[in-house]
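Numbering of ligands and ligand atoms starts at 1, following listing order.
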Amino acid sequence: MPSPLDVFRSDALAGHVALITGGGTGICRGIAHAFAKLGADVAIVSRKAEVIAKTAEELSHETGRSVLGLVGDVRDAEAMARVTAEVIAKFGKLDTLVNGAAGNFLAPAAALSPNGFKTVIEIDLIGTFNSSRAVFEALRTSGNGLVLNISATLHYHGTPLQIHASAAKAGVDAITRNLAVEWGQFGIRSCGIAPGPIGDTEGMKRLAPGDAAERAKKGIPAGRFGTIEEIAAAAVFLRSPAAMYITGHVLVVDGGHCIALPSIL
Ligand code: COA
């Protein structure tokens with residue numbers, strides 16, 4: 001089975017340095033893998049030391065490049081400043097920030113505690129702001145900076161049991177547009193990817209367990225879940241010279257899921 005990444009030259013990202021929050025697992029681990037495989041120097045950050053160390057070691061082994069694993073919580077602005085300094089100390093510069101750290105669970109709005117709502121807003125939305133702000137000077141110095149925010153399609157409609165994540169991801173998309181407008185003058189682009197249902201992720205296992213997964217596929221025009229590699233390929237494209245005039249845009253990668261209404265026929 002060919003990989004969607006096969007279309008890129010094996011050195012497509014040589015000379016680039018990327019910092020990927022949430023890179024320890026799931027979609028952002030896949031983005032880290034793709035970036036390193038295509039020649040970038042990559043740092044991944046997560047608040048869980050044991051997860052990040054294990055993933056960094058695995059990615060180094062899989063890609064043949066030394067991937068840097070850093071511990072930090074995106075909710076902590078000082079921690080993200082420290083993480084940024086560690087990336088610069090190791091690789092000498094930073095070109096790309098991927099904001100992927102996120103938390104989610106299913107909860108009815110009436111039963112969700114205020115702290116539960118706030119926690120997801122803090123990780124997804126405030127974490128995206130904290131990390132972006134922390135890397136601003138580094139991306140400006142790069143002259144070819146990119147903030148790439150991983151959001152979702154939840155907030156395009158009213159998605160049941162997802163009031164916290166929907167509100168957070170709507171805010172993340174707002175950050176994507178805002179930074180494009182404010183930071184374009186500094187040679188920094190800001191883009192987003194809104195993944196639809198992606199198989200083989202912890203999120204999908206928890207959000208659509210068992211039979212729900214098979215039922216969910218019926219609502220996707222492509223007839224299947226997406227793959228982590230398909231999201232990684234979109235990230236590589238948005239990072240590549242092919243996308244240099246794209247900024248402020250959120251690329252939906254969902255097999256048509258978010259535009260499909262249930263059939264009444
Ligand atoms: N349903 C309802 N509320 C929940 C919940 C759930 N499944 N999980 C957490 N919360 C609430 C907690 O009850 C708490 O609120 P409270 O103080 O009023 O009780 C609040 O959220 C904070 O939870 P806590 O676990 O202490 O926060 P945390 O910072 O350690 O972790 C998450 C927050 C979202 C990361 C955590 O719930 C989690 O591990 N989720 C699964 C992993 C995940 O989200 N991975 C990313 C996939 S997209």
Side-chain angles (χ1 to χ4, degrees), residues 20-33 44-55 58 69-80 83 97-131 148-157 159-173 175-176 192-210 212-213 216 225-232 234-235 250 252-254 257-258:
I20 302 176
T21 74
T25 56
I27 286 173
C28 287
R29 183 196 191 285
I31 294 174
H33 181 279
I44 53 176
V45 58
S46 149
R47 66 186 170 135
K48 294 181 188 145
E50 64 289 0
V51 171
I52 212 71
K54 181 168 175 285
T55 302
E58 286 169 2
L70 298 170
V71 179
D73 190 328
V74 294
R75 291 173 282 194
D76 178 348
E78 280 177 21
M80 294 318 294
V83 160
L97 168 69
V98 179
N99 279 310
N104 199 9
F105 46 79
L106 296 176
L112 177 62
S113 74
N115 192 42
F117 185 88
K118 182 169 158 239
T119 298
V120 172
I121 296 289
E122 281 181 340
I123 300 171
D124 295 22
L125 180 55
I126 297 178
T128 294
F129 172 74
N130 287 342
S131 306
L148 182 58
N149 294 327
I150 310 303
S151 65
T153 60
L154 301 168
H155 52 293
Y156 298 174
H157 305 283
T159 302
L161 313 180
Q162 291 282 265
I163 193 168
H164 43 318
S166 297
K169 295 302 193 182
V172 170
D173 284 355
I175 286 181
T176 298
I193 295 175
I198 303 301
D200 288 337
T201 57
E202 187 204 323
M204 186 51 63
K205 278 185 206 117
R206 278 185 303 104
L207 299 179
F225 290 155
T227 66
I228 289 176
E229 276 200 330
E230 286 170 323
I231 303 300
V250 180
V252 176
V253 185
D254 75 340
H257 180 237
C258 75

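- Atom OG1 of T176 is separated from atom CG of N99 by 8.5 Å, given to the nearest 0.5 angstrom.
- Within 4.0 Å of ligand 1, heavy atoms belong to protein residues R47, R75, A102, G103, N104, F105, S113, N115, G116, T119, I123, E202, R206.
- One N or O on the side chain of H157 and one on the backbone of C258 form a donor-acceptor pair closer than 3.5 Å.
- Every residue meeting the side chain to side chain donor-acceptor pair (under 3.5 Å) condition with E58, not counting sequence neighbours, appears here in chain and number order: R29, K54.
- Here the side chains of L70 and I52 are not in contact, with every heavy-atom distance at 4.5 Å or above.
- Judged as a side chain to side chain donor-acceptor pair (under 3.5 Å), and not counting sequence neighbours, D254 has no contacts.
- Here side-chain hydrogen bond (donor to acceptor under 3.5 Å, both in side chains) pairs that include residues 111-129, with residues two or more places apart or in two chains, number zero.
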